[in-house]
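All remarks here apply to the structure that follows.
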There are 2 protein chains.
Amino acid sequence: MTLTELRYIVAVARERHFGRAAASCFVSQPTLSVAVKKLEDELGVTLFERSAGDVSLTSTGERVVEQAQRVLEEVQVVKQLAEQGKDPLAGPLRLGIIYTISPYLLPCLIPALRDKAPQMQLLLEENYTGRLAEMLKQGEIDVAIVAEPFFETGVSTLQLYDEPFVVATPKGHPWEKLKAIDANQLAEENVLLLSPGNCFRDHVLQTCPDLNRESLPAGSLQRTLQGSSLTTIRHMVAGGIGVTVLPITSITAADDALLSIRPFAGETPTRRVILAWRKNFPRTGAVEAIRQAVLASGLAGVSFLG
Amino acid sequence: MTLTELRYIVAVARERHFGRAAASCFVSQPTLSVAVKKLEDELGVTLFERSAGDVSLTSTGERVVEQAQRVLEEVQVVKQLAEQGKDPLAGPLRLGIIYTISPYLLPCLIPALRDKAPQMQLLLEENYTGRLAEMLKQGEIDVAIVAEPFFETGVSTLQLYDEPFVVATPKGHPWEKLKAIDANQLAEENVLLLSPGNCFRDHVLQTCPDLNRESLPAGSLQRTLQGSSLTTIRHMVAGGIGVTVLPITSITAADDALLSIRPFAGETPTRRVILAWRKNFPRTGAVEAIRQAVLASGLAGVSFLG
DNA sequence: TGCGACATTCGGTATAATCGATTTTTGCCG
DNA sequence: CGGCAAAAATCGATTATACCGAATGTCGCA
């Protein structure tokens with residue numbers, strides 16, 4: 001049984017005439033006649049009563065033709081679904097973002113994306129880099145915004161922007177008088193870090209390797225005061241518990257009252273934020289739209305890599 | 001788009017592996033691979049994300065495959081309908097019968113048919129021969145039981161039985177003493193006839209051509225007392241208005257009290273009852289079942305022609 | 001008994017489906 | 001970094017199918 005055969009019998013039922021049915025299917029009359037016979041043989045039933053005068057349906061034929069029409073309608077739906085799926089900007093996109101970017105980028109990104117791809121609704125997933133990588137490869141998310149380093153097989157990436165780090169101290173801290181902070185100075189203070197799993201914690205430790213030394217006493221503040229989020233850490237710093245390193249996009253106007261922000265001395269440590277997606281993810285248009293939206297989002301203080 | 005292609009993508013979605021999907025479709029892996037690609041090209045969308053590890057569905061792919069399954073289910077229904085239609089004894093059969101046979105044959109025929117073809121429900125149409133012929137050719141009925149003469153192009157017939165005619169008079173009528181009635185005698189009496197259109201009226205007129213003579217006065221009883229049915233005529237005869245000719249199958253035990261029934265003298269006039277159906281009507285099994293049922297019905301007084 | 005209208009059958013041909021073998025891709029691992 | 005293994009894509013050849021035009025068969029009709 002083929003869809004063509006079903007189309008033929010529907011045409012014959014409609015036209016009640018093999019010749020006209022053939023014409024309406026743009027095939028020769030013998031072609032249609034043979035195809036109908038073949039289908040009748042396959043089904044083992046006579047669908048049409050042929051006679052010189054006119055063609056009429058058997059009762060089985062009526063039912064079969066009606067059902068054939070239903071099949072053809074469902075086929076049309078397949079085509080419609082495919083048509084709808086053609087636009088890479090249409091339909092939901094599952095986007096994963098790490099915790100230290102999400103709250104600062106999304107408020108800028110979402111309006112920009114609404115502008116570029118209004119049909120594409122975002123399903124957001126906030127998580128650690130490692131978990132996002134896993135979800136990406138499992139197909140649980142389509143695209144991820146993470147920070148380097150990020151190497152995963154089967155995953156393509158694209159640079160988005162480089163984000164400088166800054167030092168945050170409580171108001172009135174002695175470092176307030178300094179114009180810039182040397183990375184090596186940090187070890188002198190209680191440096192509040194995110195909990196393990198956050199890649200930004202690793203970035204900070206990389207910036208100031210001294211913080212990582214195992215010689216720190218077991219109960220030291222660096223160990224115990226690990227914040228669960230940058231916001232928590234920010235409040236702890238404001239409370240005078242210590243200092244911290246923040247990505248510049250996380251600095252808001254409200255911080256002015258609570259914190260003192262200072263740049264690093266010498267080469268500014270940064271992290272590189274990238275876009276990642278499965279190499280085989282077909283909606284490249286959607287990926288590009290995300291990239292464009294990030295570049296157009298106007299995040300303060302970062303150098304875009306578009 | 002072909003049904004085969006749809007089966008292939010459903011298999012790939014099920015197996016999540018081109019090779020296994022190909023095996024489950026009993027085709028080679030390249031065959032399935034190119035078929036899927038062809039469908040993707042035709043639809044203009046990517047349905048599967050291929051990678052070394054595993055195959056996964058795009059969101060469009062998920063929708064399309066689901067719809068493809070629906071198509072295949074509907075195709076299965078086509079096959080089921082055809083399967084049901086295979087038995088010629090299954091499903092309704094539209095049977096037409098003339099007025100002068102229907103009330104006497106059906107009570108015998110229907111039980112016999114229930115026995116032979118319990119799955120076949122009869123849709124009955126009672127009408128004149130001419131109308132039944134028309135309906136038969138139009139496909140409004142499938143089979144007809146009529147009396148000869150019956151010649152219609154495109155219609156096949158089969159003899160069922162020959163039915164003798166008898167003369168019915170009121171109780172106490174002088175002819176009651178006669179053993180048999182000569183056809184020519186009828187013209188001496190008021191002979192009650194069915195209204196025109198009933199073939200049995202023509203049979204009676206043919207049996208006794210004298211009744212047909214145009215010399216009858218305009219208001220004569222033969223003209224005015226045309227019964228609408230054999231039952232009506234029977235009651236009129238019982239009421240003493242005249243005599244009539246009846247087919248023998250219409251005689252019931254109840255008639256004994258009201259009427260006097262006499263055979264014809266000489267060659268008994270009869271009518272031949274036949275089965276008729278469109279030459280192209282495919283359910284020959286159903287036609288044969290009807291014939292068998294009539295022959296098995298045990299109608300009194302007729303000679304079967306099986 | 002031809003005639004017309006139509007369905008069916010018949011050869012021949014172009015297209016498509018399919019296969020086995022091969023190549024390419026890709027992740028993986030020493 | 002280079003070979004290995006797995007899987008999909010590609011290739012070349014073969015087979016099957018769809019289709020056409022022409023011829024043939026069927027049937028009702030005049």
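All heavy atoms count here, side chains included; hydrogens, waters and symmetry mates do not. Chain letters run A, B, ... following the sequence lines, proteins first and then strands; every chain starts at 1.
In this entry the distance linking NZ of B:Lys37 with P of C:dT24 reads 17 Å, nearest Å. Residue A:Glu15 contributes atom CD, which lies 18 Å from atom P of C:dA5 at whole-angstrom precision. Rounded to whole angstrom, the span from the CD atom of B:Glu40 across to the C1' atom of D:dA8 amounts to 12 Å. Separating the CE atom of A:Met1 from the C1' atom of D:dT17 is a distance of 17 Å, rounded to the nearest angstrom. Distance, B:Gln29 CD to D:dC11 P: 14 Å, rounded to whole Å. Atom CG in B:Leu39 sits about 11 Å away from atom P in C:dA17, given to the nearest Å. Whole-Å rounding puts the A:Phe18 CZ to D:dC27 P distance at 15 Å. Distance B:Arg20 CZ to D:dA6 P: 13 Å, rounded to the nearest Å.
Nucleic acid contact class of B:Thr153 (heavy atoms, under 4.0 Å, all strands): sugar-phosphate only. Nucleic acid contact for A:Lys137: none, since no nucleic acid atom lies under 4.0 Å from a heavy atom of the residue. Looking at heavy-atom distances under 4.0 Å, B:Tyr8 makes contact with sugar-phosphate atoms alone, never a base.
Residues B:Glu74 and B:Val78 have side chains not in contact (no heavy-atom distance under 4.5 Å, counting atoms from C-beta outward). Looking only at side-chain heavy atoms (C-beta outward), A:Arg272 and A:Gln159 come within less than 4.5 Å of each other.
Between D:dC20 and A:Ser28, a contact under 4.0 Å exists linking OP1 or OP2 to a side-chain N or O. For the pair A:Ser33 and C:dA7, the criterion of a side-chain N or O lying under 4.0 Å from OP1 or OP2 is not met. Listed pair B:Arg50 / C:dT25 fails the phosphate criterion, with no side-chain N or O lying under 4.0 Å from OP1 or OP2.
There is a side-chain donor-acceptor pair under 3.5 Å between A:Gln292 and A:Glu288.
The 5' end of DNA chain D is approached more closely, in terms of each residue's nearest nucleotide, by A:Phe26 than by the other of A:Phe26 and B:Lys279. Nearest-nucleotide positions on DNA chain D for B:Pro30 and B:Val155 put B:Pro30 closer to the 5' end. Position along DNA chain C of the nearest nucleotide to A:Val34 versus B:Thr2 favours A:Val34 as the more 5'-ward residue. Looking at which nucleotide of DNA chain C each of A:Asn280 and B:Glu5 is closest to, the 5′-most match is held by B:Glu5.
If you check C:dT26, C:dA7, D:dC19 against the side chain of A:His17, the one that comes closest is C:dA7.
With respect to A:Arg131 and A:Glu134, a salt bridge is recorded, a charged nitrogen being found less than 4.0 Å from a carboxylate O. Using a 4.0 Å cut-off between charged side-chain N and carboxylate O, A:Arg70 and A:Glu66 make a salt bridge.
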